[in-house]
Amino acid sequence: DDDCDDACDEPGVCCAGTSGPCTTGCGSAGTRTCTGECDWGACSPPAESCNGSDDDCDGTPDDVMGCRIPVYRFICGTDHFYHNGMDEPPGCAREGDSPVFFTYATAVSGSAFATTDLFRLYISTPDHFYCTDPSERDYAISLGYVLEGNIGYCSPSAIWGMTAPLFRMVSSSSGDHFYTTSTAERDAATTVGGYVDEGTQCHVWQGP
């Protein structure tokens, strides 16, 4: 305010060097800085975060490490068990040292996608059962399954370049539910393993 009239840099649209909020081309909340010519500069996007949106406008939502947690697979007699940690429960053996897929640790709802619970239930036959539909969860509970919480959050629909379908199968003899993202594993289980294909449960991530 060189002329002491309580207005700065008039007739410019902003005061040189100041910053303000703006909306980026991909819809995220960015910031802009007033130039020396007293006009707003370009809208700079924020850093990417784990929220289901493409914050930094690079075309891919949540493409940063740490958004997702690993899920490991164990075999416990005839029961396939999926768990977020590598520790082997009593009577179980971990199937490989690498995660079979990744889920979100918390629910997100953004402009690109939203997640849903992947519920975990158990019955002493034994069988661990995983589903996303609350009505299916409640029906399983009515059959004697116990809700054990969830193993994270997955996406109801595919996210191009990031997710893979989580196939669900059930054994016609033991009642064991088996889940995999591998089409080769699914095909082997349904052709020679005695499993019945129950379709895609949801879509999960292949990395953290």
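These figures come from a predicted structure and were not determined experimentally.
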Query raised in the report: Is there a donor-acceptor pair under 3.5 Å between the side chain of Arg68 and the backbone N or O of Gly207?
Result: yes
Query raised in the report: Which heavy-atom pair separates Gly30 from Cys43 by the least distance, and what is that distance?
Result: CA-SG, 4.1 Å
Query raised in the report: Going through the checks in order, is the side chain to side chain contact (heavy atoms under 4.5 Å, CB included) test met by Arg120 and Asn150?
Result: CA-CA 5 Å; Arg120 186 177 88 190; Asn150 70 27; 5.8 Å; no
Query raised in the report: Under the 3.5 angstrom rule, does the side chain of Asp62 hit a backbone N or O of Asn51 as a donor-acceptor pair?
Result: yes
Query raised in the report: Which atoms form the tightest heavy-atom contact between Pro46 and Thr24, and what is the distance?
Result: CD-CG2, 4.5 Å
Query raised in the report: Are Tyr82 and Tyr72 close enough that their ring centers fall under 6.0 Å?
Result: no
Query - Tyr104 with Val71, same ILVMFWY side-chain cluster at under 4.5 Å - result: no
Validation: residues 137-147 side-chain donor-acceptor distances under 3.5 Å, sequence neighbours left out:
{"residue": "Ser142", "atom": "OG", "partner": "Tyr139", "partner atom": "O", "Å": "2.5"}
{"residue": "Tyr145", "atom": "OH", "partner": "Asp127", "partner atom": "OD2", "Å": "2.6"}

Report task. Please confirm whether Tyr179 and Tyr130 have ring centers closer than 6.0 angstrom. Result -> yes
Requested in this report: Take Cys22 and Trp40, measure what side chain to side chain contact (heavy atoms under 4.5 Å, CB included) needs, and give me the verdict at the end.
Outcome: CA-CA 10 Å; Cys22 58; Trp40 288 116; over 6 Å; no
Query raised in the report: Judged by modelled atom types alone, do Asp58 and Thr60 share a side-chain donor-acceptor pair under 3.5 Å?
Result: no
Query raised in the report: Taking all non-hydrogen atoms of both residues, which atom of Ala114 and which atom of Pro156 are closest, and how far apart?
Result: O-CD, 3.4 Å
Query raised in the report: Is it the case that Asp176 and Thr78 place a side-chain donor and acceptor less than 3.5 Å from each other?
Result: no
Query - Gap separating the NE2 atom of His203 from the OG1 atom of Thr103, nearest 0.5 angstrom - result: 15.0 Å
Report task. Drop me the distance from Ile75's CD1 to Phe178's CZ, to the nearest 0.5 angstrom. Result -> 8.5 Å
Requested in this report: Could you please spell out the steps behind the side chain to side chain donor-acceptor pair (under 3.5 Å) verdict for Ser28 and Asp55?
Outcome: CA-CA 5 Å; Ser28 58; Asp55 302 293; 5.5 Å; no
Report task. Report yes or no: does Glu95 contribute a side-chain atom to a donor-acceptor pair with the main-chain N or O of Arg73 at less than 3.5 Å? Result -> no
**Report entry** Under 3.5 Å: donor-acceptor pair, side chain of Thr35, backbone of Glu37
**Finding:** yes
Requested in this report: Report yes if the side chains of Cys57 and Pro45 come closer than 4.5 Å at any heavy-atom pair, otherwise no.
Outcome: yes
Requested in this report: Take the SG atom of Cys15, take the SG atom of Cys34, and say whether they are under 2.5 Å apart.
Outcome: no
Query raised in the report: So how far is it from Tyr195 OH to Glu185 CD, rounded to the nearest 0.5 Å?
Result: 10.5 Å
Query raised in the report: Are the side chain of Glu48 and the backbone N or O of Asp56 linked by a donor-acceptor pair below 3.5 Å?
Result: yes
Requested in this report: May I have the step-by-step check of side chain to side chain contact (heavy atoms under 4.5 Å, CB included) for Tyr153 and Thr116, ending in yes or no?
Outcome: CA-CA 5 Å; Tyr153 300 82; Thr116 187; 5.9 Å; no
Query raised in the report: Mind checking whether Phe74 and Phe119 sit in one hydrophobic cluster, side chains of I, L, V, M, F, W, Y counted as touching below 4.5 Å?
Result: yes
Query raised in the report: Which atom names give the shortest non-hydrogen contact between Cys50 and Gly66, and what distance separates them?
Result: SG-C, 4.3 Å
Please tabulate, one pair per line, all N/O donor-acceptor pairs under 3.5 Å involving side-chain atoms of residues 160-172, not counting sequence neighbours.
{"residue": "Thr163", "atom": "OG1", "partner": "Ile159", "partner atom": "N", "Å": "2.9"}
{"residue": "Thr163", "atom": "OG1", "partner": "Ile159", "partner atom": "O", "Å": "3.4"}
{"residue": "Arg168", "atom": "NE", "partner": "Glu198", "partner atom": "OE1", "Å": "2.8"}
{"residue": "Arg168", "atom": "NH1", "partner": "Glu136", "partner atom": "OE1", "Å": "3.2"}
{"residue": "Arg168", "atom": "NH1", "partner": "Glu136", "partner atom": "OE2", "Å": "3.4"}
{"residue": "Arg168", "atom": "NH1", "partner": "Gln201", "partner atom": "OE1", "Å": "2.6"}
{"residue": "Arg168", "atom": "NH2", "partner": "Glu136", "partner atom": "OE2", "Å": "2.8"}
{"residue": "Arg168", "atom": "NH2", "partner": "Glu198", "partner atom": "OE1", "Å": "3.3"}
{"residue": "Ser171", "atom": "OG", "partner": "Ser173", "partner atom": "N", "Å": "3.3"}
{"residue": "Ser171", "atom": "OG", "partner": "Ser173", "partner atom": "OG", "Å": "3.2"}
{"residue": "Ser171", "atom": "OG", "partner": "Ser174", "partner atom": "N", "Å": "3.1"}
{"residue": "Ser171", "atom": "OG", "partner": "Ser174", "partner atom": "OG", "Å": "3.2"}
{"residue": "Ser172", "atom": "OG", "partner": "Gly194", "partner atom": "O", "Å": "3.1"}

**Report entry** Any donor-acceptor N/O pair, Ser155 side chain to Thr115 backbone, under 3.5 Å
**Finding:** no
Query - Given Leu118, Ile69, Asp117, the one that forms side chain to side chain contact (heavy atoms under 4.5 Å, CB included) with Ile151 - result: Leu118
Query raised in the report: Taking it one step at a time, do His83 and Asp87 satisfy side chain to side chain contact (heavy atoms under 4.5 Å, CB included)?
Result: CA-CA 9 Å; His83 180 53; Asp87 51 306; 3.6 Å; yes
Query raised in the report: Mind checking whether Val100 and Met86 sit in one hydrophobic cluster, side chains of I, L, V, M, F, W, Y counted as touching below 4.5 Å?
Result: yes
Query raised in the report: Leu121, Ile123: one ILVMFWY side-chain cluster at the under-4.5 Å cut-off?
Result: yes
Report task. Assert yes or no for the condition that the ring centre distance of His128 to Phe81 is strictly below 6.0 Å. Result -> yes
Requested in this report: Decide disulfide bond (SG atoms under 2.5 Å apart) for Cys154 and Cys202; before the verdict, give the C-alpha distance in whole Å, the side-chain angles of both, and the deciding distance to 0.1 Å.
Outcome: CA-CA 6 Å; Cys154 58; Cys202 64; 2.2 Å; yes
